[in-house]
Amino acid sequence: MTIPNRFDHADAAAKILKIWDDAQCAHATVNPDREPFMIVIPPPNVTGALHLGHGLNNTLQDIVIRMKRMQGFETLWMPGTDHAGIATQAVVERRLVEQENKTRHDLGREALVQRIWAWKDQYEKRILNQLKRMGASCDWQRTRFTLDDQCAKAVRVTFFDLFTKQLIYRGKRLVNWDSHLETAVSNDEVNNVKKKGHFWHFYYPVIDPKPGEPNRVEIATTRPETMLGDTAVAVHPNPESALDKVEKELQAKLAEANEKESAEIKTQLEQLAERRKTMLPQLIQLRDMAADGRKLMLPLMNREIPLVADRWAKPELGSGCVKITPAHDPNDYEVGMRADLPMINIMNPNGTINAEGGAYAGMTMKEARKKVVADLDELELLGDVEDREVDLPISDRSKFPIEPYLADQWFVKMDTLAQSAIDLVADEEVKIFPERYRKGYLDWLGEKRDWPVSRQLWWGHQIPIWSVSRLDAATKDELESKVVAIIGQANDMASYRVDESDDGLFGIFVCLRTEDDPLEKDFEELGFQRDPDVLDTWFSSALWPHSTLGWPDASAELEYFYPTATLITSRDIITLWVARMVLMSWNNLGKIPFREVFIHPKILDGLGETMSKSKGNGVDPIDVIDKFGPDALRFGLARIATDTQDVRMPVQYECPACEKLIDQTKKNRSVPTVQCPACKAVFSTQWAESEADKAHPRGAVVSERFETARNFVNKLWNAARFVLMNLEDYQPQSVDVDTLPLEDRWLLSRLSTVTREVTEGIESYKYAECSRILYDFAWDEFCSFYVEIAKPRLNDEKLRGTTQAVMAHGLDQLLRLLHPTMPFVTESIWAFLNDAAASRGVPAPTDPGPFVMKAAWPIANAQHNDEAIEHQFSEFQEVVGAIRKIRASQSIPPRETVPVAIRCSEASLALLQPMTTYFGQLAGADITAIGPDAKPFETDAPLALTSLDIDVHVDLEKFIDVEAELARLQKLQGQLEKQITGKQQKLSNESFVARAPEDVVARERESLDELVRQLQSVGGDLERLESKTKS
RNA sequence: GGGCGAUUAGCUCAGUUGGUUAGAGCGCUACGUUGACAUCGUAGAGGUCACAGAUUCGAAUUCUGUAUCGCCCA
């Protein structure tokens, strides 16, 4: 058998994928003979290709899925993608502008949607291919898309149900308006950035002031243009008590403050006192004027606006008065609601000033701002202009500033829905890991804020509501009776509601349960029009676990697989997605969607920033796979998935010419070409646009963090290669475990422990720990010790057969345990192992099956677990280590064999005697004496293993380097003395001796004794060596 | 402003209920390639566990505060 000494992942992976696919290894069916286990994939957005974060997310899911499949569950991993309304439409629109200089309105709804479908097809294909190449064992025959017919049906039925339950209502609400995309975006899609701005002070004249009253009021704003929509100026209803309250808080803070803070607070208190003196009387006067109904003249618009008393005005800040623009500021909106103020919308959907802005109509916000300030200045109504840092809300989708905007939106009432999702997590029906994320989930739902679900987009599930509005009472009654007549008996398919608006007019809203219902036409003939808006993407994602299984239709799959077992996702969508899946599942099915949720860390780049394509630091999993292989990608990700903290992963460009890795910096990650510092070749990056730049070969962005994992794959491959090379004459045989030599029983015991730890670890999402356990076991125990010991045994005809049996079993078990993390290399080796040892196992050989992917997961054999054996073996390992240390300090060449004498107890002798030959293999040692009577050599290098009561002596006759030996012993002596001093101090501390538990004290005493003995022995050795050099 | 988390070797991270000399990988140093593996082996150097207090016989670990960083919410 010839096996190459490198695992050719590129060649193997494609073949293995095909074999699995042909054998339908990942296909799940309803199978009453097995217990079901299902996970739904968090559907990736079709907006763009997958990055390393997806790589992590899907690797973790696949590890669980693969283990469960091997454990015999009927395992379904449901794949699919998400249409990601705003994000995807925004990308396509941006390209439209860039490439054709067209807007969506130039194209029209149908044509734009068609373009987005084309985009979706392209990226869905790419994404699914990425997942497949990573080895994700999804049931690809069931692949879904949040906008496909089945999901659409689920969305429609759910929406109708909520509408019928009166949980969907229409409201004018202040929304975050993206005036570039011309849609509302949710709070979660808004980022606040700090920007330098100004604080402009204006004066509004008072109309008919009474004697003694001021003739103008000062207000200040960071957004002057909004004054066009002002409908009031507010002053605090009780400025004195408000100031008292502020002062009280400051005093309380002062009492607890440190020196530095207290100075600051004192200054604030002084300012407050000053304000009380100079401004309070005026604020009280203004409050009284407000009570008396005094009005102000809004400049530029020449509109009378009231002076109102409202707690939103802060007497401790600025002039103490605040302008109120209810239609363009969230806080002012609240004031407007409280004081029943008119709400004047001054903005067009595209962000320009509308007719309400009078002379300013048609200007952009920016232009209007400039002009308003200039005009007020002209009128001598402009006061100070301060520099100030302001929070500027930016749309995460378009990167344009957000305008608060009053718009008609559909809302889902969250009250009872949210409560159900709270209860289910609070009662641990749904468990969230790590547990700390529970709080955020519960707090967010606890606010029970209604969910605005309208999106002014074309890409998504169009809202199934037809409406007629602005009807007077009589017309309403007439139309309503017609609606009732049309609906008639079909009230399970159509539903309506009537709303009265502020101005006493009515609107009628009809919701239809199914797509293309013939009733549509009937309503349209009555003048009903379908709402052009689409639903928030999360509405369809919220149904994902059950819509993918066929809901609302009854399906055998739904019956069998639901609820799913676990959801593995990232923390930023706990509220947006996880919470909504819980409440929607409860609403639609009365069931939880999943029993557990695991939140995994995020991957950051070397600078601690999130990876993203727009920064240029994003890593494509495919690039990592091409360079390091899919197993290395997966193992490399799994081993960093702890539950504590996000992971930093420094990234590099790979020079396509010389393969050197070049660290990414803020500078070089945003340039179109980079010159390799090693070979001076120039390569292009994702930013290359000009033909000249693109002509250079592309440099992939990867991370050297995957080298460790790649090396591990190689180590496993080569260990397997060794095993396979020594199985040529393998014959299956049963093994009597009790009569096996120590090293075999040690391996079996370790396998039992590792199997238990890994099984429990994967079940509790401890990926990093499992990876480490497997890495250490495979490398440091199986390879470094078991295989090394097996070498001489395989040359011994008497031992060869059993050795082959145990070794084949060890490799077999290791492959199974590693398979969920490293599916390709393990499947590849599995095929070779099946050729060499078709039947294998301890104690009795069995048929392992054609695929490790479908092989049985190991069960920790408690009978093989033997602590005494493991302890004994570690004695052996320590002796090996001692010999190696002495050799290294003496620079004895590895190929030289050195005589070694081991002084030990009778018990240790019994253990070590049968293993003497292995010291040769592992430490190049020839054991000349072993047992209680073993003596030092004439030219001796000793090392005492006091805790084991073993002295290791190496004969240096042929190699003695006195200086080196003296140095080694002196260093040892120094270390011992330091430790002894520490222990002595500890033990001379009376309260330690008195108060620490007895066993701790006893252990300290014992170890001190041992150290002293060792020091004496080293002292003796030193003396002998010194006298020898003198003689 | 509120909440959550982090700070351990040059880098990236582990570190169970407080108890021998705080670990790993990469990087670094020295030595070593005819048979599984140089994507390797053996050994070594490298740490005031962010800082300041408190609790305790004993603190990387528990508590309080400070600083810095990250995320979420307002």
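Residue numbers start from 1 in every chain, and the chains themselves are labelled A, B, ... in the order their sequence lines are given, proteins ahead of strands.
Comparing B:rG41, B:rG25, B:rC13 by their closest approach to the side chain of A:K715 singles out B:rG41. For A:K986, the listed nucleotide lying nearest its side chain is B:rG19; candidates were B:rC13, B:rG25, B:rG19. Closest to the side chain of A:R436, from the set B:rU12, B:rC4, B:rG32, is B:rC4. Looking at the side chain of A:K791, the nearest of the listed nucleotides B:rU39, B:rA36, B:rU33 is B:rA36. The side chain of A:K439 sits closest to B:rC4 out of B:rA74, B:rC4, B:rG19. Which of B:rA36, B:rC11, B:rC57 sits closest to the side chain of A:R705 comes down to B:rC11. Of all nucleotides listed (B:rU39, B:rA36, B:rU42), B:rU42 comes nearest to the side chain of A:S784. The listed nucleotides are B:rG19, B:rU42, B:rC37; the one nearest the side chain of A:N718 is B:rC37. When the nucleotides B:rA36, B:rC13, B:rG32 are ranked by their closest atom to the side chain of A:P894, B:rG32 comes out on top. The side chain of A:R884 sits closest to B:rU42 out of B:rU42, B:rU39, B:rU12.
Contact check on A:D776 versus A:R772 returns a salt bridge, with a Lys/Arg side-chain nitrogen under 4.0 Å from an Asp/Glu carboxylate oxygen.
Atom CZ of A:F712 and atom C1' of B:rA24 are 13 Å apart (whole Å). Separating the CZ atom of A:F635 from the P atom of B:rC26 is a distance of 12 Å, rounded to the nearest angstrom. If you measure from atom CG of A:L442 to atom C1' of B:rG3, you get 13 Å, rounded to the nearest angstrom. The distance from atom CG of A:L724 to atom P of B:rC37 is 14 Å, rounded to the nearest whole Å. Here B:rG44 presents its C1' atom at 15 Å from CD of A:Q890, a figure rounded to the nearest Å. When rounded to the nearest whole Å, the span between CD of A:E447 and P of B:rG2 equals 16 Å. If you measure from atom OH of A:Y437 to atom P of B:rC72, you get 11 Å, rounded to the nearest angstrom. Going from atom CD1 of A:I573 over to atom P of B:rC72 covers 13 Å, rounded to whole Å.
With no hydrogens or angles considered, a side-chain donor-acceptor pair links A:H600 and A:N57 at under 3.5 Å. Counting only N and O atoms by type, the side chains of A:E743 and A:Y918 include a donor and acceptor under 3.5 Å apart.
Taking all atoms of both residues into account, the shortest heavy-atom contact from A:M649 to A:S703 is CG-OG, 3.3 Å.
The nearest heavy atom of RNA chain B to A:P650 and to A:A888 marks one nucleotide each, and the one closer to the 5' end goes with A:P650. Position along RNA chain B of the nearest nucleotide to A:R648 versus A:E769 favours A:R648 as the more 5'-ward residue.
In summary, the aromatic rings of A:F433 and A:F598 are positioned with their centroids too far apart to meet the 6.0 Å limit.
A:P997 comes within 4.0 angstrom of a base, heavy atoms only. Backbone-only contact: A:K971 has heavy atoms under 4.0 Å from sugar-phosphate atoms and none from a base. Across all strands shown, A:R721 has heavy atoms under 4.0 Å from sugar-phosphate atoms exclusively, and none from any base. Counting non-hydrogen atoms under 4.0 angstrom, A:R895 reaches the backbone sugars and phosphates but no base. If you check every strand for non-hydrogen atoms under 4.0 Å, A:T708 touches sugar and phosphate atoms only. Note on A:R710: a base of the nucleic acid sits closer than 4.0 angstrom, heavy atoms only. Residue A:E435 is classed as having no contact, given no heavy-atom separation below 4.0 Å to the nucleic acid.
Spacing of P atoms, B:rU66 relative to B:rG3, comes out at 12 Å, to the nearest Å. Comparing the P positions of B:rU8 and B:rG47 gives a spacing of 15 Å, expressed to the nearest Å. Distance check on atom P: B:rG58 versus B:rG53 gives 16 Å, rounded to whole Å. The separation of B:rG25 from B:rA43, taken at their P atoms, amounts to 11 Å, rounded to a whole angstrom. Spacing between B:rG27 and B:rA9 at atom C1', rounded to whole Å, works out to 11 Å.
Taking a 6.0 Å sphere around CD of A:E435, one finds it holds 12 or fewer heavy atoms contributed by other residues, nucleotides or ligands. Environment of CH2 in A:W779: crowded, with over 12 heavy atoms of neighbouring residues, nucleotides or ligands closer than 6.0 Å.
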Task: Audit row: A:F919, A:F876, side chain to side chain contact (heavy atoms under 4.5 Å, CB included) steps and yes/no - done: CA-CA 9 Å; A:F919 287 109; A:F876 166 72; 3.6 Å; yes

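By the side chain to side chain contact (heavy atoms under 4.5 Å, CB included) test, A:V787 pairs with A:F722, A:F782, A:K791, sequence neighbours left out.
Taking the six-membered ring where the residue is Trp, A:W717 and A:F7 present tilted rings, their angle falling between 30° and 60°.
A close approach under 4.0 Å does occur between a side-chain nitrogen or oxygen of A:K983 and OP1 or OP2 of B:rU21. Remark: A:N714 is not in phosphate contact with B:rC40, judged by side-chain N or O atoms under 4.0 Å from OP1 or OP2. Phosphate contact (OP1/OP2 of B:rG41, side-chain N/O of A:W779, threshold under 4.0 Å): present.
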Open item on the list: Both atom distances under 3.5 Å, Watson-Crick or G-U wobble: I'd like the secondary structure of RNA chain B as a dot-bracket string, with | for pairs made across strands.
Closed with: (((((((..((((.....[...)))).(((((.......))))).....(((((..]....)))))))))))).

